[in-house]
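Proteins get letters first, then strands, A, B, ... in listed order; numbering begins at 1 in each.
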Amino acid sequence: GQQVMQIPQYQHVQEGEDFTTYCNSSTTLSNIQWYKQRPGGHPVFLIQLVKSGEVKKQKRLTFQFGEAKKNSSLHITATQTTDVGTYFCAVPLTNDYKLSFGAGTTVTVRA
Amino acid sequence: EAQVTQNPRYLITVTGKKLTVTCSQNMNHEYMSWYRQDPGLGLRQIYYSMNVEVTDKGDVPEGYKVSRKEKRNFPLILESPSPNQTSLYFCASSKGLASNEQFFGPGTRLTVL
């Protein structure tokens, strides 16, 4: 089963507003990855977080790894229509052989 | 161009008729895996392969088989498809192991009647 809980499942955002999606685990994670899937497309890698408390930015996207390495967040500032899609977190398991994805947060944007 | 290819992209079949979905990558990646995507469930790993001739079950392996006879190819086989295997399937590859950036194929939409 899924090792990470991702919330919310859906996010309806007014263009220009900010939003955050979260991934939570009951166990300590070695690292966490984030992917974006546009409607009708395939998942595309965004970033990997490895260090406790790590914060990385990609333009309007800010990724954070919790101090205890049990949770992570993706914050998008000033949402645009190009941000539409589903955002997934993914964590490696079983000595780095398996990869478990969260259920995803599907984002829609109101112009 | 570095890529992962899958064929076919769309397939409608009937219960019990064996089928194979092919996956090929041109990046010399060691790790390859198959996922199915269903609404509300995200991506669930079916099988993965750490290298040639080394494969193992993911979270939902029942009803599927795989093989890894060459580094670039990782076909997914459904010996006797059933309607509950109707789904969107993705193949992915990465250098090294699961914690590295995964490169996904375009997906195969399978319908089993």
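At a threshold of 4.0 Å, the pair B/D59-A/K98 counts as salt-bridged, since one of the basic side-chain nitrogens sits closer than that to a carboxylate oxygen.
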Between B/S99 and A/Q48, does the side-chain contact (heavy atoms from CB on, under 4.5 Å) criterion hold? Intermediate values first, please.
CA-CA 8 Å; B/S99 62; A/Q48 182 189 59; 4.1 Å; yes
Pair B/Y35-A/F101, side-chain contact (heavy atoms from CB on, under 4.5 Å): steps then yes or no:
CA-CA 10 Å; B/Y35 299 85; A/F101 281 76; 3.6 Å; yes
Verdict with supporting geometry, B/F90 and A/H42, side-chain contact (heavy atoms from CB on, under 4.5 Å):
CA-CA 8 Å; B/F90 287 102; A/H42 59 274; 3.5 Å; yes
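Within 6.0 Å of the CZ atom in A/R110, the count of heavy atoms belonging to other residues, nucleotides or ligands exceeds 12. Within 6.0 Å of atom CD1 in B/I12, 12 or fewer heavy atoms from other residues, nucleotides or ligands are found, so the atom counts as exposed in its surroundings.
Looking at heavy atoms from C-beta onward, A/F88 lies in side-chain contact with B/Q37 at the 4.5 angstrom threshold. Contact check for B/Q102 versus A/Y35: side-chain heavy atoms found under the 4.5 Å cut-off. With a 4.5 Å cut-off on side-chain heavy atoms, A/Y97 and B/L97 count as touching.
Here the side chain of A/Q33 pairs a donor or acceptor atom with the backbone of B/A98 at under 3.5 angstrom. A donor-acceptor contact shorter than 3.5 Å links the side chain of B/Q45 to the backbone of A/L99.
The hydrophobic cluster containing B/L78 also contains B/V66, counting ILVMFWY residues as joined when their side-chain heavy atoms lie under 4.5 angstrom apart, directly or transitively. B/F74 and B/Y48 fall into different hydrophobic clusters, where Ile, Leu, Val, Met, Phe, Trp and Tyr are joined by side-chain heavy atoms under 4.5 Å apart, directly or via other members. With hydrophobic clusters built from ILVMFWY side chains whose heavy atoms lie under 4.5 angstrom apart, B/L110 shares a cluster with B/Y47. Taking hydrophobic clusters as Ile, Leu, Val, Met, Phe, Trp and Tyr residues chained together by side-chain heavy-atom distances below 4.5 Å, A/V4 shares a cluster with A/Y87. A continuous path of hydrophobic side-chain contacts links B/V112 to B/W34 [ILVMFWY only; heavy atoms under 4.5 Å].
Heavy atoms closer than 4.5 Å to chain B are found nowhere in A/Q6, neither backbone nor side chain. For a residue to count as touching a neighbouring chain, one of its non-hydrogen atoms must lie under 4.5 Å from one of that chain's; by this rule B/Y31 touches chain A with the side chain only.
Comparing B/G105, B/S49, B/G107 by how many heavy-atom pairs each has under 4.5 Å with chain A, the most go to B/G105.
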